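A quick write-up on the structure given underneath.
Being a predicted model, the structure only gives us computed values, none of them experimental. When a ligand or atom number is given, it counts from 1 through the structure's own listing order.
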Amino acid sequence: MSSRMLRRLDPSSELELLAEVSQLVTQFDMQRVLGKVIRLVANAIGATRAHLFLHPNYELDWRNIFQTDRLDPDTVFSASVGGLENGLQGLAAQERKGLLVRDTMMDDRRYVFGDELRDGQSALAIPLICNQDMMAVLLLLHPKPEHFTENHLRLVQIAMNQASVAVHNARLENHVRSGKHQFQAVLHAINNPMLVLDRAGIVQMMNAAANRYFAEGQMGLQIGRNLYDFAQGDSAFTHILDIIAYPPSGETHWLFKAHSEQRNLHFDVLMSEWENPMQSESGYVVMMHDVTTLIELDRFKNDMLRMASHDLRSPLALITGYCDVIEMDLPKDIPNLLGYLEAIRRTTTRMDNLLTDLLRIERIQSSPLELHQPIVLKALLATIMEHSQPAASQKNQQLLADFHDLPEQIIADPIMIREAMENLVSNAIKYTPDRGQIIVRVFSRETALYFVVEDNGVGIGEEHLPKLFTSFYRAKQAGTEHIDGTGVGLSLVKTVVERHQGKVWVESKVGVGSQFGFWLPLN
Ligand code: ADP
């Protein structure tokens with residue numbers, strides 16, 4: 001038994017022991033510290049066995065802090081997970097205080113004691129409580145009765161309280177460290193460049209992708225370097241630098257496109273402010289999503305579309321032309337052939353319409369908006385009604401206007417907005433049977449202009465509604481089989497409206513009618 005073993009602890013030895021414990025618990029290596037503290041205390045009070053019952057809820061913490069599986073199962077000290085529901089250790093856990101058993105044979109509570117006490121006739125059970133959480137109970141044994149005293153209990157309690165604080169700190173540190181590791185792992189798994197900058201633009205952190213994209217060469221981007229010094233030679237950073245130089249007040253994040261002419265790359269950039277109020281640090285997080293391949297694919301698609309549409313149109317025109325010539329030369333008494341010609345002409349027209357629509361989509365999506373022109377709304381609506389009237393009259397439909405609270409003028413792209421409005425009206429005429437009714441309602445409310453077309457036509461099944469505004473989608477509604485179309489019109493309407501920061505909607509019931517509408521922000 002160690003020379004330190006004190007049957008009766010005198011105050012100076014107590015102090016010396018506690019001083020040693022406090023000294024130990026300041027060390028960072030919690031894995032060993034707790035074992036050392038327990039051994040020290042066990043020796044000091046002459047315990048022959050010490051066993052730590054670890055609460056299973058904190059198994060992971062224990063494993064990290066304490067590495068339970070590495071404990072040498074010596075005779076003095078052992079540890080295990082669980083077992084806190086029974087025995088003396090269970091009582092201590094329940095009462096959340098240290099317990100002293102002078103003689104296990106004579107103790108009133110002996111009926112609850114379990115196998116754990118077989119090596120001892122005196123016992124101490126001391127809980128380790130971290131921040132209100134019961135983490136473990138330490139059981140100390142001696143083979144003879146009346147070995148442990150109240151004084152031992154108090155001493156061990158104090159030592160274990162200190163150890164608890166250290167365990168608590170080690171737990172926190174572990175959490176922080178593992179959070180940091182996880183964060184680093186996420187950061188590096190992101191396949192797009194990401195930078196953390198301080199207010200002045202000095203790089204605080206950058207992920208593996210940022211290294212791959214920008215770190216090469218002597219002048220490459222590095223942690224600790226100012227973005228300015230690096231970014232002079234890369235246009236991808238121009239706007240980022242502008243924001244750092246003149247942070248727009250009231251905004252905390254920005255989404256914009258950036259183009260690196262030097263590297264021939266395109267990025268969607270999300271830049272956000274970050275702030276650490278505790279340490280009064282702040283700066284920016286910059287995520288750069290490389291969209292170069294997407295942009296190239298999009299350009300390729302548009303080039304293909306444009307080329308294919310133009311190249312396909314000439315033979316179509318030729319086919320239609322020859323149909324006319326053949327028809328002129330054909331004896332009029334061969335009705336079958338005339339029917340065939342008509343069929344060729346019809347399909348050719350449909351193909352031509354499809355190509356026109358494909359080009360329209362491309363044009364509307366990619367052309368810049370002519371938003372600077374104010375449009376006199378009343379005049380625009382009158383034109384639309386006037387243009388739509390013949391088609392409605394042909395089907396004996398009533399085309400009604402309900403315009404009120406109209407602003408004098410709106411700012412929008414005149415050609416596109418007219419196209420969107422006419423599209424909704426012509427659809428209503430197209431999908432409403434003869435003698436139906438179409439009402440065009442236009443009004444302003446608060447800061448928006450509403451354009452709504454109501455019809456009492458065939459209506460649309462609920463299952464089609466969510467897909468209606470997608471390109472080339474046609475709702476195959478009974479009664480519309482004979483109606484020609486490409487499924488492009490509504491997607492054009494949506495694109496135009498959204499490019500004006502507005503929103504489209506549809507409500508419809510089969511056999512009752514439909515309401516298509518959109519609103520545009522005024523001013
Ligand atoms: P298209 O009319 O050329 O087929 P659209 O994009 O304009 O293409 O319309 C998509 C589909 O939405 C149409 O095929 C039709 O099924 C449905 N639809 C559009 N407007 C109406 C309407 N007013 N009433 C009933 N169905 C409509």
Inset, instruction - Examine the proximity of ligand 1 to S514 and report which part, side chain or backbone, both or neither, has a heavy atom under 4.0 Å away. - result: side chain
Inset, instruction - Indicate, as side chain, backbone, both or neither, the part of N427 found under 4.0 angstrom from ligand 1 when only non-hydrogen atoms are considered. - result: both
Legend entry - Under-4.0 Å heavy-atom contact with ligand 1, by part of V453 that carries it: neither
Inset, instruction - Name the closest protein heavy atom to atom 6 (O) of ligand 1, giving the residue it belongs to and the distance to 0.1 Å. - result: L490 N, 2.7 Å
Legend entry - Which segment of Y473 sits under 4.0 Å of ligand 1 when only heavy atoms are counted: backbone
Output side-chain donor-acceptor pairs under 3.5 Å for residues 398-408, partner residues at least two apart or in another chain, one line each.
from: Q398; atom 1: OE1; to: Q437; atom 2: NE2; distance (Å): 3.1
from: D402; atom 1: OD2; to: R441; atom 2: NH1; distance (Å): 2.7

Legend entry - Protein contact of atom 3 (O) of ligand 1 - nearest heavy atom, named by residue and atom, plus distance: T486 N, 2.9 Å
Compile the donor-acceptor pairs under 3.5 Å between side chains in residues 237-251 and protein atoms, sequence neighbours left out, one pair per line.
from: T238; atom 1: OG1; to: S235; atom 2: O; distance (Å): 2.8
from: E251; atom 1: OE1; to: W254; atom 2: NE1; distance (Å): 2.9

Legend entry - Shortest heavy-atom approach to atom 18 (N) of ligand 1 - which of F469, F472, Y431: Y431
Inset, instruction - Around atom 8 (O) of ligand 1, find the nearest protein heavy atom and jot down its residue, atom name and distance. - result: G487 CA, 3.1 Å
Inset, instruction - Could you tell me the residue and atom name of the protein heavy atom closest to atom 23 (N) of ligand 1, and the distance to it rounded to 0.1 Å? - result: D455 OD2, 2.9 Å
Legend entry - Closest protein heavy atom to atom 12 (O) of ligand 1, given as residue, atom name and distance to 0.1 Å: L468 CD1, 3.6 Å
Inset, instruction - Determine the minimum heavy-atom distance between K476 and T480, stating which atoms define it. - result: C-OG1, 4.4 Å
Inset, instruction - Considering heavy atoms of the protein only, find what lies nearest to atom 4 (O) of ligand 1 and give residue, atom and distance to 0.1 Å. - result: R474 NE, 2.6 Å
Inset, instruction - Please state which part of K476 comes within less than 4.0 Å of ligand 1, counting heavy atoms only: side chain, backbone, both or neither. - result: neither
